[in-house]
Protein chains: 2
Amino acid sequence: MRLSTKGRYGLRAVLDIAINGNDEAIALSQIAERQEISVNYLEQLIAKLRKSGVVNSIRGAQGGYILARPAHDISVGEILRSLEGDLSPVECSEINDADAECSHSDLCVTKYVWKRISDSINDAVDGIMLSDLVDESRKVQAEAGNNQEKRTNQTC
Amino acid sequence: MRLSTKGRYGLRAVLDIAINGNDEAIALSQIAERQEISVNYLEQLIAKLRKSGVVNSIRGAQGGYILARPAHDISVGEILRSLEGDLSPVECSEINDADAECSHSDLCVTKYVWKRISDSINDAVDGIMLSDLVDESRKVQAEAGNNQEKRTNQTC
DNA sequence: TTTAATCCCTATTAATTTACTAGGGTTTAA
DNA sequence: TTAAACCCTAGTAAATTAATAGGGATTAAA
């Protein structure tokens, strides 16, 4: 039940843009350096975020990425689903897509469990906005205070 | 973010015992046939369930497995954690073990997200008892009625 | 007492997925 | 014109998952 590096690195990348990009485009090479992720791999992750409308890209020299909307309008759920696909514990059309119907759904008992897990995950991540993480980061930075060496957001 | 077959098959196996074993030990070969899972693989899964105290085994001829406790005292959370390990979205001691502390936790912002996901998953599965699934199964069987061919619990 | 049914254990392999590298192409500000 | 940037996709290495394989121990019943 682990998130892959896509979700973990990708969320860090968006948070990096939210924190460091004050209406300025941030080059991927800068994010890559701060977050210690290779540019090539980050490119693949940010491509998903661009296609799903979380970030916008600016091509050419001096280009980079900016948030597509204000941080308080972007939920962590939207970010993670862009990167990971649906956040469901099982591959079942009936659970992952409200309109679909599973072929042997009539005798499937455990779907009751999977649906509850799926809903609780989505509710949790949809309730956290990117701006919440930005606030949290500023608070944490202020507390860290004179620790000059580590000023980027870190992850577990 | 998918559960592995360990969790999915294993939950089906326990439910099979809960439904079909009325104080009688159920042989693994029977579960394997009904659930269409190989005996050898199922053995590995049920070993985890035995070690964590979800089922008891009875060795020798006419042996098999029984629930270690009444179905209303066994939560789906306990079953899934026995099979999958912790249900956390990340590998972080601070999130998965209340007493531990993560080395760079002071600057880790995303742990806020992982903790909320982790708690919501655990709350969801701890709130479902095995007996709830047994009840659900009986209801579903009754509704299926004269469909004689598929009488075992199926999964998505 | 023998036999067959059953659980018990662990090593190995096959399949799949994840994580990443590599490298060529396009756009655009300076 | 050039260099800094994004854009795209094919390939590979590493890790994990899923399963197979097979020998051992226990015990009810013939």
Novice: In whole angstrom, what separates B/Ile66's CD1 from C/dT6's C1'?
Specialist: 15 Å
Novice: Quick one: the side chain of B/Gln44 and the base of D/dT20, do they pair up donor-acceptor inside 3.5 Å?
Specialist: yes
Novice: Looking at the side chain of B/Tyr9, which of C/dC7, D/dC6, D/dA19 is the nearest nucleotide?
Specialist: D/dA19
Novice: Can you tell me if B/Asp73 uses its side chain to pair, donor with acceptor, with the backbone of B/Arg69 under 3.5 Å?
Specialist: no
Novice: Taking 4.0 Å as the cut-off, does a side-chain nitrogen or oxygen of B/Ser4 come that near to OP1 or OP2 on D/dA18?
Specialist: yes
Novice: Nearest whole angstrom, please: distance from the P of D/dA28 to the CD of B/Glu24.
Specialist: 14 Å
Novice: Using OP1 and OP2 only, check whether a side-chain N or O of B/Arg50 sits under 4.0 Å from C/dC8.
Specialist: yes
Novice: Applying a 4.0 Å non-hydrogen cut-off, can you work out what B/Leu45 is touching in the nucleic acid: base, sugar-phosphate, or nothing?
Specialist: nothing
Novice: Can you see which heavy atom on A/Arg116 is nearest to which on B/Ile128, and at what distance?
Specialist: NH2-CG1, 3.4 Å
Novice: To the nearest angstrom, how far is B/Arg8 atom CZ from D/dT17 atom P?
Specialist: 13 Å
Novice: Separation of A/Glu43 atom CD from D/dA10 atom C1', in whole Å?
Specialist: 14 Å
Novice: Indicate whether OP1 or OP2 belonging to C/dT6 is found under 4.0 Å from a side-chain N or O atom of B/Ser57.
Specialist: no
Novice: Kindly point out which of C/dG23, C/dC7, D/dA19 is positioned nearest to the side chain of A/Asn40?
Specialist: C/dG23
Novice: Can you measure A/Leu83 atom CG to C/dT18 atom C1' for me and round it to whole angstrom units?
Specialist: 14 Å
Novice: Taking only the side-chain nitrogens and oxygens of A/Tyr65, find out if one of them lies under 4.0 Å from OP1 or OP2 of D/dC7.
Specialist: yes
Novice: A/Arg59 CZ to C/dT26 P: how many Å, rounded?
Specialist: 9 Å
Novice: Look at all strands and tell whether A/Ile46 reaches a base, only sugar-phosphate, or nothing, counting heavy atoms closer than 4.0 Å.
Specialist: nothing
Novice: Which nucleotide, D/dA28, D/dA19, C/dA29, lies nearest any side-chain atom of B/Ala61?
Specialist: D/dA28
Novice: Could you go through the salt bridge (Lys or Arg N to Asp or Glu O under 4.0 Å) check for B/Arg12 and B/Asp16 one step at a time?
Specialist: CA-CA 6 Å; B/Arg12 276 161 65 189; B/Asp16 189 288; over 6 Å; no
Novice: Quickly work out the A/Leu42 CG to D/dC6 P distance and round it to whole Å.
Specialist: 10 Å
Novice: Look at B/Ser38 and D/dT20 and indicate whether a side-chain polar atom (N or O) is within less than 4.0 Å of OP1 or OP2.
Specialist: yes
Novice: Name the residue from B/Leu49, B/Ile17, B/Ile26 that meets the side chain to side chain contact (heavy atoms under 4.5 Å, CB included) definition with B/Tyr65.
Specialist: B/Ile17
Novice: Can any side-chain N or O of B/Arg81 pair as donor or acceptor with the backbone N or O of B/Gly85 at less than 3.5 Å?
Specialist: no
Novice: D/dT12 phosphate, OP1 or OP2: any side-chain N/O from A/Tyr41 under 4.0 angstrom?
Specialist: no
Novice: Between atom CG in B/Leu28 and atom P in D/dT20, what is the gap in whole Å?
Specialist: 14 Å
Novice: Should B/Ser29 be listed as having a side-chain N or O under 4.0 Å from OP1 or OP2 of C/dA5?
Specialist: no
Novice: Any luck finding a side-chain donor-acceptor pair between A/Ser4 and A/Tyr9 under 3.5 Å?
Specialist: no
Novice: Using the closest heavy atom to pick a nucleotide of DNA chain D for each, name whichever of A/Gly60 or A/Ala47 lands nearer the 5' end.
Specialist: A/Gly60
